[in-house]
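Proteins come first, then strands; the chains are lettered A, B, ... in the order of their sequence lines, and each starts at number 1. As a basis for the values below, the full set of heavy atoms in this structure was taken, side chains included, without hydrogen atoms, waters or symmetry mates.
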Amino acid sequence: MANEKLRYPLITAGVGVLFFLAVDTEPAFAHKDKHTAEQLQAFEEVFMEQVKIGDLLFHGDPETQKRLNVNLSNTGTACAMCHPYTSDTHPHQFPKFQEQMNEFATLRNMINWCIEKPNEGEKIDPDGPAMKALEAYIYWSNRNSKLDPGRH
Amino acid sequence: MKWTRSCVSLALIPLHKSLLYGTTGAAAYGLFFPLINTIDIAFAQGGQSFKFAWISDTHLYPKAVNKRFVEKATRAIQEVQAMNPPADFLIFGGDMAQLGDPVELQLGAELLKEITIKKVFIPGEHDWYLDMGATWNKMFGAAPWSFDYKGVRFVGLDTVSHAEDFWTSRKMSAKERMGNMATLDGTLGGAWAAVGAEQLKWLNSTLASWGKDKPVVIFSHNPLYEYFPPWNFWVRDWRGVHEILKPYSNVTNIHGHTHQVLYNEIGKLRSIGMLATSWPWPYAPEGVPILTRPMIRVDPGEPFDGVGWSIHTMDPTGHVENQYKMWRKEVFADAGVDSNAQDSHEVLSPRVADRI
Ligand SMILES: [Fe+2]
Ligand SMILES: [Fe+2]
């Protein structure tokens with residue numbers, strides 16, 4: 001995603017300016033100092049933007065798929081059709097031995113398995129923007145779940 | 001949004017326990033103990049035994065888009081037709097199409113031609129919101145309807161056509177409206193499932209001429225009780241339905257939409273949830289009736305797993321016995337690890353748009 005790359009330096013720069021204004025003189029590393037409300041809000045916005053993109057992908061939005069150059073399904077089906085509210089995606093259980101794959105797997109492995117098998121779509125870059133967004137949406141929807149790695 | 005259901009007046013309505021406890025309740029009350037129906041079978045003798053078949057939630061896309069859903073619908077249809085002795089009739093319980101497309105409905109009608117016994121139909125939301133039921137009603141007839149057969153009054157309801165208009169003010173196209181309604185956790189449809197005032201009146205007068213102790217079977221796409229409103233696993237006016245049904249001692253509701261094994265009893269009303277042929281929905285985060293023996297967790301890599309159809313046997317006492325024709329050996333889970341109904345560590349949040 002083109003403007004994603006553009007945005008992060010902008011936020012960093014913004015944070016830098018805030019910091020600079022706050023301490024007036026010495027340039028230093030922002031993360032060593034107390035966070036301002038604006039900074040925290042900026043971080044939150046970056047995260048929630050990814051959640052919303054992930055939500056769109058998860059619900060099969062064609063424009064978002066096109067923009068991120070992914071094809072998550074060739075059968076008309078979308079993730080949310082089997083997983084309303086991301087139900088039964090169990091991000092809190094990963095990594096774990098995943099029966100269908102017969103291997104020790106991460107959530108990203110499982111996402112790609114679902115894209116490839118039930119959805120008959122095309123696997124996505126495990127470190128690419130679509131995967132990160134899907135992960136953001138799934139984790140956010142399950143943020144009150146209790147970590148339970150390895151559980152079947 | 002909070003899922004805790006609104007405080008229902010306990011004094012007015014005899015609520016089933018399942019309405020008061022969510023999945024936590026279900027866990028505490030032992031979903032995994034063997035369950036039996038709790039309504040006493042003490043109906044008048046003298047009726048006749050017969051069978052009828054249920055198919056629903058085929059969710060057909062045009063053939064070129066998705067062959068699997070066609071194959072699964074076809075398998076159910078062939079199995080119904082192969083019943084020996086044959087069923088007396090087939091009820092198709094809605095969601096024949098995925099996006100209400102006349103091409104999808106035509107495909108469904110074409111596939112169903114293979115079944116030669118009597119067929120009756122009720123609509124699902126996926127059949128409705130492209131053209132507001134025009135094609136559906138033309139092809140399969142309008143609901144509600146009722147007929148009497150071998151001492152049973154059968155009723156078919158429309159529980160899908162009463163969505164609040166969210167599309168006009170947003171200037172949405174018919175396709176956009178359908179797309180929203182076709183998303184179970186969609187953010188605009190709201191509490192669309194309902195019987196509606198007019199149909200409630202109709203139901204009341206339709207049953208008035210029927211003996212209070214005689215068997216009634218009501219087909220509806222959505223369950224006629226409150227299971228999980230955010231996914232319309234209910235009808236919003238279920239209290240009104242129950243008020244009407246209260247005097248009748250032998251009512252069975254058979255419903256689709258939930259794509260899963262479900263069983264509930266509220267007062268004298270029994271409620272049985274049907275499988276889809278297309279795909280199973282996970283159990284909702286709360287509200288699974290404690291009388292439900294949960295279905296087994298299925299293999300998402302196996303398209304024919306966790307789906308199927310049903311044979312219902314009406315015995316001479318007027319009791320409906322349901323047999324899930326799920327395409328696997330075991331239908332029910334005996335332990336939490338084999339079901340998705342009981343992961344106490346999973347806590348889900350509604351979608352962003354639902355929170356605005
Ligand atoms: Fe359905
Ligand atoms: Fe439905």
Mind checking the NE2-CG spacing from B:His345 to A:Leu147? Nearest 0.5 Å is all I need.
-> 10.0 Å

Do A:Pro84 and B:Trp281 touch side chain to side chain, with heavy atoms closer than 4.5 Å?
-> yes

What part of A:Met81 gets closer than 4.5 Å to chain B, counting heavy atoms only: side chain, backbone, both or neither?
-> both

Does a sphere of radius 6.0 Å around CD in B:Glu71 hold more than 12 heavy atoms from other residues, nucleotides or ligands, not counting ones at 6.0 Å or beyond?
-> yes

Which bit of A:Glu120 is near chain B, if near means a heavy-atom gap under 4.5 Å: side chain, backbone, both or neither?
-> side chain

Go through A:Thr75 and B:Arg68 one step at a time and tell me if the side chain to side chain donor-acceptor pair (under 3.5 Å) criterion holds.
-> CA-CA 9 Å; A:Thr75 55; B:Arg68 280 184 186 170; over 6 Å; no

Look only at the side chain of A:Tyr85 and the backbone of B:Arg351, and say whether a donor-acceptor pair between them is shorter than 3.5 Å.
-> no

State, to 0.1 Å, how close A:Ser87 and B:Tyr283 come at their nearest heavy-atom pair, and which atoms those are.
-> OG-O, 4.0 Å

A:Ser145 side-chain N/O to B:Val347 backbone N/O, donor-acceptor pair under 3.5 Å | yes

Which atom of A:Asn144 lies closest to which atom of B:Ser349, heavy atoms considered = ND2-OG, 3.9 Å

When rounded to the nearest 0.5 angstrom, what is the spacing between CG in B:Leu348 and CZ in A:Arg143?
-> 10.5 Å

Taking all heavy atoms of A:Asp88 and all of B:Glu346, pick out the closest pair and write down the distance.
-> N-OE2, 2.8 Å

Could you look at B:Pro303 and say if it's the side chain, the backbone, both or neither that has a heavy atom under 4.5 Å from chain A?
-> neither

Say you draw a straight line from CD of B:Glu302 to CD of A:Gln100; how long is it, rounded to the nearest 0.5 Å?
-> 11.5 Å

Proximity breakdown for A:His92 and chain B, heavy-atom pairs closer than 4.5 Å = side chain

Show the numbers, then the answer: is there a side chain to side chain donor-acceptor pair (under 3.5 Å) between B:Asp185 and A:His59?
-> CA-CA 9 Å; B:Asp185 61 356; A:His59 287 81; 2.8 Å; yes

Going from CH2 on B:Trp279 to OG1 on A:Thr77, what distance comes out if it is rounded to the nearest 0.5 angstrom?
-> 8.5 Å

Is any residue of residues 97-106 of chain B within less than 4.5 Å of chain A by heavy atoms, and which ones?
-> B:Gln98

How close do A:Asp55 and B:Val352 get, heavy atom to heavy atom, and via which atoms?
-> OD2-N, 4.4 Å

